[in-house]
Protein chains: 2
Amino acid sequence: MEKLEQPVEQPSLEECEETCGGTEADLKAIRSQMLDESSISEMAEWFRALGDPTRVKLIGALLQQELCVHDLSVLLDMGQSAVSHQLRYLRNVRMVKRRKVGKTVYYSLDDAHISEIFHVTYEHLKHK
Amino acid sequence: MEKLEQPVEQPSLEECEETCGGTEADLKAIRSQMLDESSISEMAEWFRALGDPTRVKLIGALLQQELCVHDLSVLLDMGQSAVSHQLRYLRNVRMVKRRKVGKTVYYSLDDAHISEIFHVTYEHLKHK
DNA sequence: ATATCATATGAACATATATTCATATGTTAT
DNA sequence: ATAACATATGAATATATGTTCATATGATAT
């Protein structure tokens, strides 16, 4: 209850006291090593695609073999529409691709790295 | 406009026509290889934690060195509160830990695998 | 052409999430 | 004790996200 008239910015960035390790020069060095905005976005987008149980299940199933939408919806015990929407999501981020045979559409993984990332993460969670 | 009186379940799962590769037996085999629900949740939670630009930046910075909240908020050019909230998030999923020195709190990575996953993903996105 | 099947998709809805604001907590200095 | 500072946190808000419902699209069969 002490600030009522000031617009409250980042409270005075003048300089970090000695307690806080980073001098402006140090921070500059760190900043220069940081990823650029577009890499950041792409990384986040990539991880976000894996950050949902339904999509993890889809990837997990497709890791085993190519599957059609119907079978996926049976395997996940979910409505066809929900599965289809998530497959589109995964297709938009290039994680899966599709192959059409008549009325049926088969989905499969479209990326060699997914398996690696997936397994590293799985092992990590197991040995935690 | 053909179904008006039925409650519209998964439209008749009786069996997949021959077009759809999976017979019930095949699906059973695949299902037995799928991850259990709790592993699924943990994987999704883990990835979701990395699925946000702010958190990617935080991890990226901490990948370089331990940093205090203030420095992180300068580096990311974000309010202290937002950074603090996200650090709590990352702490809850055990991705970062903190060390207190006087008024200052230093954050650092709390997981050996993050670096690996992070780099695999970064390389993947670069060579796409 | 009509019916049926497999998949896709727009809209609506409910929930989750990220940031901001105001303020609380805990530490150090005076 | 009071002030200044670093960080944490609850509430509010705006936006993003996931699922469902209804229906569209495209393919095959009759």
Side-chain angles (χ1 to χ4, degrees), chain A residues 1-22 44-45 48-49 51-58 67-74 76-93 96 98-107, chain B residues 1-4 6-22 44-45 48-49 51-58 67-74 76-93 98-107:
Chain A
M1 54 180 65
E2 66 274 72
K3 273 171 196 155
L4 290 170
E5 58 279 7
Q6 290 291 343
V8 186
E9 283 295 307
Q10 294 270 89
S12 74
L13 292 185
E14 327 119 17
E15 185 147 350
C16 203
E17 315 295 320
E18 20 73 37
T19 42
C20 236
E45 180 188 63
R48 197 163 51 243
D52 169 81
T54 296
R55 292 192 293 268
V56 168
K57 286 178 204 165
L58 287 173
L67 287 161
C68 71
V69 178
H70 175 264
D71 286 356
L72 284 167
S73 93
V74 171
L76 305 209
D77 189 28
M78 288 183 61
Q80 174 268 319
S81 180
V83 169
S84 202
H85 276 297
Q86 295 297 3
L87 285 170
R88 179 171 56 170
Y89 184 124
L90 292 174
R91 199 150 45 80
N92 285 339
V93 299
V96 304
R98 58 179 172 179
R99 176 173 74 88
K100 219 170 167 182
V101 177
K103 323 174 232 180
T104 309
V105 177
Y106 293 94
Y107 279 84
Chain B
M1 53 180 70
E2 67 274 69
K3 275 171 199 155
L4 290 170
Q6 290 290 342
V8 187
E9 283 296 306
Q10 295 270 88
S12 73
L13 292 186
E14 325 119 19
E15 185 149 350
C16 201
E17 316 293 320
E18 20 72 40
T19 41
C20 238
E45 181 189 65
R48 197 163 49 244
D52 170 83
T54 296
R55 292 192 292 266
V56 168
K57 285 178 205 166
L58 288 173
L67 288 161
C68 71
V69 178
H70 175 264
D71 285 356
L72 284 167
S73 92
V74 171
L76 305 209
D77 190 27
M78 288 182 63
Q80 174 268 318
S81 181
V83 169
S84 203
H85 276 296
Q86 295 297 3
L87 286 170
R88 178 170 58 168
Y89 185 123
L90 292 173
R91 199 150 45 80
N92 285 339
V93 299
R98 57 178 173 180
R99 176 173 74 90
K100 219 169 167 182
V101 177
K103 323 174 230 179
T104 309
V105 177
Y106 293 94
Y107 279 84

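Reminder, nothing fancy here: chain letters follow the sequence lines and each chain counts from 1. Worth knowing before you read on, the calculation uses all heavy atoms, side chains too, and leaves out hydrogens, waters and symmetry mates.
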Inset, instruction - Enter the distance from Leu58(A):CG to Asp52(A):CG here, rounded to the nearest 0.5 Å. - result: 8.5 Å
Inset, instruction - Using whole Å, report how far CZ of Arg91(A) lies from C1' of dT9(C). - result: 11 Å
Inset, instruction - Using whole Å, report how far OH of Tyr106(A) lies from C1' of dA27(D). - result: 13 Å
Legend entry - Closest-nucleotide 5' rank along DNA chain D - winner of Ala82(A) and Ser81(B): Ser81(B)
Inset, instruction - Rounded to the nearest 0.5 Å, what's the gap from CD on Gln80(B) to OG on Ser73(B)? Could you check? - result: 7.0 Å
Inset, instruction - Drop me the distance from Tyr106(A)'s OH to Leu67(A)'s CG, to the nearest 0.5 angstrom. - result: 9.5 Å
Inset, instruction - Please evaluate the base of dC5(C) for a donor-acceptor partner in the side chain of Thr104(A) within a cut-off of under 3.5 Å? - result: no
Table of protein N/O atoms under 3.5 Å from nucleotides 25-27 of chain C N/O atoms:
none

Legend entry - Annotated protein contacts, base or backbone, on nucleotides 11-18 of chain C with a non-hydrogen cut-off under 4.0 Å, one of B, S, - each: B-----SS
Legend entry - Distance-only donor-acceptor test, Gln80(A) side-chain atoms vs dA6(C) base atoms, 3.5 Å: no
Validation: residues 81-90 of chain B side-chain donor-acceptor distances under 3.5 Å, sequence neighbours left out:
| unit_1 | atom_1 | unit_2 | atom_2 | d |
| --- | --- | --- | --- | --- |
| His85(B) | ND1 | Arg88(B) | NH2 | 3.4 |
| Gln86(B) | OE1 | Arg55(B) | NH1 | 2.9 |

Legend entry - Spacing of OG1 belonging to Thr104(B) relative to CZ belonging to Arg99(B), to within rounding of 0.5 Å: 9.5 Å
Inset, instruction - Considering non-hydrogen atoms only, spot the tightest contact between Ala44(B) and Pro53(A) and give its length. - result: CB-N, 3.6 Å
Inset, instruction - Measure the distance from CG on Leu90(B) to C1' on dT9(D) and round it to the nearest whole Å. - result: 16 Å
Legend entry - Atom-pair distance (CG on Leu76(A); C1' on dT19(D)), nearest Å: 13 Å
Inset, instruction - Using a cut-off of strictly less than 4.0 Å, decide whether Arg98(A) has a side-chain nitrogen or oxygen near OP1 or OP2 of dA8(C). - result: yes
Inset, instruction - Report the C-alpha separation of Arg48(A) and Arg48(B) in whole Å, then their side-chain angles, then the decisive distance to 0.1 Å, and conclude whether the side chain to side chain contact (heavy atoms under 4.5 Å, CB included) test is met. - result: CA-CA 5 Å; Arg48(A) 197 163 51 243; Arg48(B) 197 163 49 244; 5.9 Å; no
Inset, instruction - Take the protein atom CG of Asn92(B) and the nucleotide atom P of dA8(D), then report the distance between them rounded to whole Å. - result: 12 Å
